[in-house]
Amino acid sequence: MGGESRYEIHQDAYIKLVLHAVKHRTSSVNGVLLGRSSADGDSVEIVDSVPLFHSQIGLLPPLEIALIMIEEYYAEKGLSIAGYFHANERYDDFELATVAKNTGDHITRYFPQAALLLLDNKKLEALPKGKDRRPVMQLYIKDASRSWKLVGSEGGNQLSIKEPSGNIVLLDYLASEKWKDIVDFDDHLDDISKDWLNSELFQ
């Protein structure tokens, strides 16, 4: 089942994750994906995302607090934590970090089809030069041996953006420096008046 699932990410969820990484480009950042799987288990719809941390992202207590708050809020909307997003500190680092694997392992206990998304800086950099509609992320899923494996781009469109114009809108937000407005859980824990849901980001 795992290898056959398709993943579709909504534009706003996708853009939030990339803007978070761009805001903190000299740090590793992470986030969680909220979604639901289809009744037949063939696909996972990633409806929303929450940017988590940009400093000391491996610290367990803040992560546990964040996951509890996120889970409680989105359960009322019928959504589960369905995956994890990670962007490495170094531009050319395409290794899946231990913290990403560990958090992904935790999420799969509750959502077996969970996805790990890793930012691909080279795809992001190439975006203005082309018309690529694919996400600027690499998709990892659990294989039969319970290890995280990279899903190759040759395997069709296992990860896609729901709205075809997703990357065009992303480029527009990058040009207007919209990333300055993104709030993550780090910001919220420093100042609880800051909205970790980023409710007004796209208004």
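Position 1 is the first residue of the sequence, and the numbers go up from there.
- Judged purely by distance below 3.5 Å, without hydrogens or angles, the side chains of His188 and Asp195 never pair a donor atom with an acceptor atom.
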CA sep, side-chain torsions, deciding dist, call: Glu125, Lys122, salt bridge (charged side-chain N to carboxylate O under 4.0 Å, His left out): CA-CA 5 Å; Glu125 187 184 49; Lys122 290 183 178 169; over 6 Å; no
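- Of all non-hydrogen atoms in Pro135 and Lys123, the two that sit nearest each other are O-CD, 4.0 Å.
- The backbone N or O of Ile182 sits less than 3.5 Å from a side-chain atom of Lys23, completing a donor-acceptor pair.
- Looking only at side-chain heavy atoms (C-beta outward), Asp120 and Met137 stay at 4.5 Å or farther from each other.
- Listed by chain and residue number, nothing satisfies the ring pair (Phe, Tyr, Trp, His ring centres under 6.0 Å) test with His10 (two or more places apart in sequence, or in another chain).
- Using a 4.5 Å heavy-atom cutoff, the side chains of Leu118 and Leu116 are not in contact.
- For Phe53, the ring pair (Phe, Tyr, Trp, His ring centres under 6.0 Å) criterion is met by no residue, not counting sequence neighbours.
- Not counting sequence neighbours, Glu71 has no partner by the side-chain hydrogen bond (donor to acceptor under 3.5 Å, both in side chains) test.
- With sequence neighbours excluded, the residues satisfying side-chain hydrogen bond (donor to acceptor under 3.5 Å, both in side chains) with Asp191 are Ser193.
- Using modelled atom types and a 3.5 Å distance limit, the side chains of Asn88 and Ser28 yield no donor-acceptor pair.
- At least one side-chain heavy atom of Leu201 sits under 4.5 Å from a side-chain heavy atom of Lys16.
- Within the structure, the salt bridge (Lys or Arg N to Asp or Glu O under 4.0 Å) test picks out the following pairs touching residues 28-38 (sequence neighbours left out): Arg36-Glu45.
- Ala13 approaches Val47 most closely through the heavy-atom pair CB-O, 3.8 Å.
- Taking the side chain as every heavy atom from C-beta outward, Glu8 and Ile46 never approach each other to under 4.5 Å.
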Evaluation steps, side chain to side chain contact (heavy atoms under 4.5 Å, CB included), between Ile9 and Leu117: CA-CA 11 Å; Ile9 185 166; Leu117 300 181; 4.3 Å; yes
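- Judged by distance alone, the side chains of Ser5 and Gln113 do bring a donor and an acceptor atom under 3.5 Å apart.
- Annotation: the span from Lys149 atom NZ to Leu96 atom CG amounts to 14.0 Å, rounded to 0.5 Å.
- The side-chain hydrogen bond (donor to acceptor under 3.5 Å, both in side chains) test applied to Asn30 returns Tyr84, not counting sequence neighbours.
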Criterion side chain to side chain contact (heavy atoms under 4.5 Å, CB included) on Leu19 and Leu174, from CA distance to verdict: CA-CA 7 Å; Leu19 292 183; Leu174 290 173; 3.8 Å; yes
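- The stretch residues 56-69 participates, sequence neighbours left out, in no salt bridge (Lys or Arg N to Asp or Glu O under 4.0 Å) pair at all.
- Taking each heavy atom of Tyr7 and Ala114 in turn, the nearest pair found is OH-O, 4.2 Å.
- Contacts of Tyr173 classified as ring pair (Phe, Tyr, Trp, His ring centres under 6.0 Å), with partners at least two apart in sequence or in another chain: Phe202.
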Could you tabulate the donor-acceptor pairs under 3.5 Å formed by side-chain atoms of residues 73-83, not counting sequence neighbours?
from: Tyr74; atom 1: OH; to: Asp48; atom 2: OD2; distance (Å): 2.8

Anything under 3.5 Å between a donor and an acceptor, one on a side chain of residues 163-172, the other on a protein residue two or more places apart or in another chain? List them.
from: Glu163; atom 1: OE1; to: Gln11; atom 2: N; distance (Å): 2.8
from: Asn167; atom 1: OD1; to: Tyr14; atom 2: OH; distance (Å): 2.6
from: Asn167; atom 1: ND2; to: Asp132; atom 2: O; distance (Å): 2.8
from: Asn167; atom 1: ND2; to: Arg134; atom 2: O; distance (Å): 2.9

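- Listed by first and then second residue, the salt bridge (Lys or Arg N to Asp or Glu O under 4.0 Å) pairs involving residues 102-115 are Asp105-Lys142 (not counting sequence neighbours).
- Remark: of the listed residues Asn121, Leu127, Ile161, Leu127 is the sole one forming a side-chain contact (heavy atoms from CB on, under 4.5 Å) with Val136.
- Every pair tested for salt bridge (Lys or Arg N to Asp or Glu O under 4.0 Å) that includes a residue from residues 26-35 fails, sequence neighbours excluded, so the list is empty.
- Here the side chain of Ser38 pairs a donor or acceptor atom with the backbone of Ser43 at under 3.5 angstrom.
- Here the OG1 atom belonging to Thr98 is positioned 9.0 Å from the NE2 atom belonging to His86, to the nearest 0.5 angstrom.
- Checking side-chain atoms of Lys194 against main-chain N and O of Asp187 turns up no donor-acceptor pair under 3.5 Å.
- Checked against the 6.0 Å centroid criterion, the rings of Trp148 and Tyr140 do not qualify as a close aromatic pair.
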